[in-house]
Amino acid sequence: MESQVFLGGSEPTTLKELSEALGKETIDTMSTSDTRGNSPSYGTNYQKLGKELMSRDELAVMDGGKCVLQLRGVRPFLSDKYDLTQHPNYRYTADFDKKYLFDIEEFLNTRAKLHPKDEFFVVEAEE
């Protein structure tokens, strides 16, 4: 597949696969310790750790205005979703005007109406 777009969701398998595909990043951590008493001591510890770029729970609660794009040859990245109301043809959608709403029931109930002057051929299908 050349590209994938994750718009959001909560299906566990999808979240797991996407989290794994995003991979890990390296983070630096620093911890300090301060011991007080008869022999006080102070210490600093630096570490490099691997952290998932986005965990499953982070993907599940991702901002609704964001999406994750995976394009061939490019590392996956977080992007803003396109605002459909800005598209030049948005005015032709049912969201803009209900007259463009597709009614599946009406479509399925549409039957061809034959008139006395219509010509047609009957074709027998072999079994």
Side-chain angles (χ1 to χ4, degrees):
M1 187 176 299
E2 295 292 318
S3 62
Q4 287 185 341
V5 179
F6 177 71
L7 300 173
S10 59
E11 201 281 313
T13 306
T14 302
L15 296 175
K16 181 178 184 251
E17 289 174 2
L18 183 57
S19 180
E20 289 172 0
L22 290 173
K24 294 187 176 194
E25 65 180 334
T26 303
I27 58 171
D28 295 322
T29 61
M30 178 184 85
S31 59
T32 59
S33 62
D34 186 7
T35 307
R36 297 179 187 184
N38 289 340
S39 55
S41 66
Y42 178 82
T44 304
N45 183 27
Y46 296 97
Q47 287 183 305
K48 288 193 180 292
L49 300 173
K51 179 206 175 295
E52 292 177 321
L53 206 52
M54 284 186 84
S55 65
R56 285 182 264 181
D57 60 318
E58 289 173 317
L59 288 166
V61 297
M62 189 172 71
D63 178 2
K66 300 285 186 185
C67 63
V68 177
L69 293 173
Q70 291 179 283
L71 305 173
R72 184 175 57 91
V74 179
R75 299 255 323 137
F77 59 94
L78 192 64
S79 179
D80 291 327
K81 288 181 183 174
Y82 179 73
D83 182 4
L84 294 178
T85 63
Q86 300 305 308
H87 193 279
N89 293 329
Y90 176 71
R91 65 182 179 268
Y92 301 118
T93 67
D95 288 336
F96 182 80
D97 190 339
K98 296 298 178 204
K99 75 178 183 182
Y100 295 112
L101 190 63
F102 180 73
D103 185 352
I104 187 68
E105 295 294 328
E106 181 182 329
F107 176 76
L108 293 175
N109 289 328
T110 304
R111 303 212 191 282
K113 295 181 174 112
L114 299 176
H115 301 288
K117 294 183 181 179
D118 288 345
E119 291 185 26
F120 58 92
F121 297 97
V122 176
V123 177
E124 304 243 353
E126 294 180 23
E127 290 185 33

J.: Could you check whether the rings of Tyr82 and His87 sit parallel, tilted or perpendicular, using 30° and 60° as the cut-offs?
T.: perpendicular

J.: Ignoring hydrogens and angles, tell me if any N or O in the side chain of Asp118 forms a donor-acceptor pair with the backbone of His115 under 3.5 Å.
T.: yes

J.: For the pair Asp97 and Arg91, find out whether any cationic side-chain nitrogen is under 4.0 Å from an anionic carboxylate oxygen.
T.: no

J.: Of all heavy-atom pairs between Leu22 and Arg75, which one has the smallest distance, and what is that distance?
T.: O-NH2, 3.0 Å

J.: Is the closest side-chain heavy-atom distance between Val68 and Val5 below 4.5 Å?
T.: no

J.: Looking at side-chain heavy atoms only, is the closest gap between Tyr100 and Thr93 below 4.5 Å?
T.: no

J.: Answer whether the closest heavy-atom distance between the side chains of Leu69 and Gln4 falls below 4.5 Å.
T.: no

J.: Using 0.5 Å steps for rounding, measure from the CZ atom of Phe96 to the CG atom of Asn89.
T.: 11.5 Å

J.: Counting neighbours of CZ on Phe120 that are heavy atoms of other residues, nucleotides or ligands and sit closer than 6.0 Å, is the number greater than 12?
T.: no

J.: Are Thr14 and Phe6 side-chain neighbours, meaning at least one heavy-atom pair lies under 4.5 Å?
T.: yes

J.: Would a hydrophobic clustering, with Ile, Leu, Val, Met, Phe, Trp and Tyr connected at side-chain separations under 4.5 Å, put Leu101 with Ile104?
T.: no

J.: Does the distance from a Lys or Arg side-chain N to an Asp or Glu carboxylate O, for Lys81 and Asp83, drop under 4.0 Å?
T.: no

J.: Minimum heavy-atom separation for Tyr90 and Asp95, please, with both atom names.
T.: OH-CB, 3.6 Å

J.: Show the numbers, then the answer: is there a side-chain contact (heavy atoms from CB on, under 4.5 Å) between Asn45 and Thr29?
T.: CA-CA 8 Å; Asn45 183 27; Thr29 61; over 6 Å; no

J.: With rounding to the nearest 0.5 Å, note down the distance linking OG1 in Thr13 to CG in Leu18.
T.: 12.5 Å

J.: Report whether Phe77 and Leu7 are members of the same hydrophobic cluster (ILVMFWY, side-chain heavy atoms less than 4.5 Å apart, transitive linking).
T.: yes

J.: So, Ser19 side chain and Lys16 main chain: donor-acceptor pair closer than 3.5 Å or not?
T.: no

J.: Which donor-acceptor pairs under 3.5 Å do the side chains of residues 47-58 make with protein atoms, sequence neighbours left out?
T.:
| unit_1 | atom_1 | unit_2 | atom_2 | d |
| --- | --- | --- | --- | --- |
| Lys48 | NZ | Asp28 | OD1 | 2.7 |
| Ser55 | OG | Asp57 | OD1 | 2.3 |
| Ser55 | OG | Glu58 | N | 3.4 |
| Ser55 | OG | Glu58 | OE1 | 3.3 |
| Glu58 | OE1 | Ser55 | N | 2.7 |

J.: Decide yes or no for Glu2 and Leu71: does some side-chain heavy atom of the first lie under 4.5 Å from some side-chain heavy atom of the second?
T.: no

J.: For Met62 versus Cys67, what's the shortest heavy-atom pair and its separation?
T.: CE-CA, 4.0 Å

J.: Over all heavy atoms of both residues, which pair between Thr32 and Tyr42 is shortest? Give the atoms and the distance, please.
T.: CG2-OH, 3.8 Å

J.: Should we count CD of Glu106 as having more than 12 external heavy atoms under 6.0 Å?
T.: no

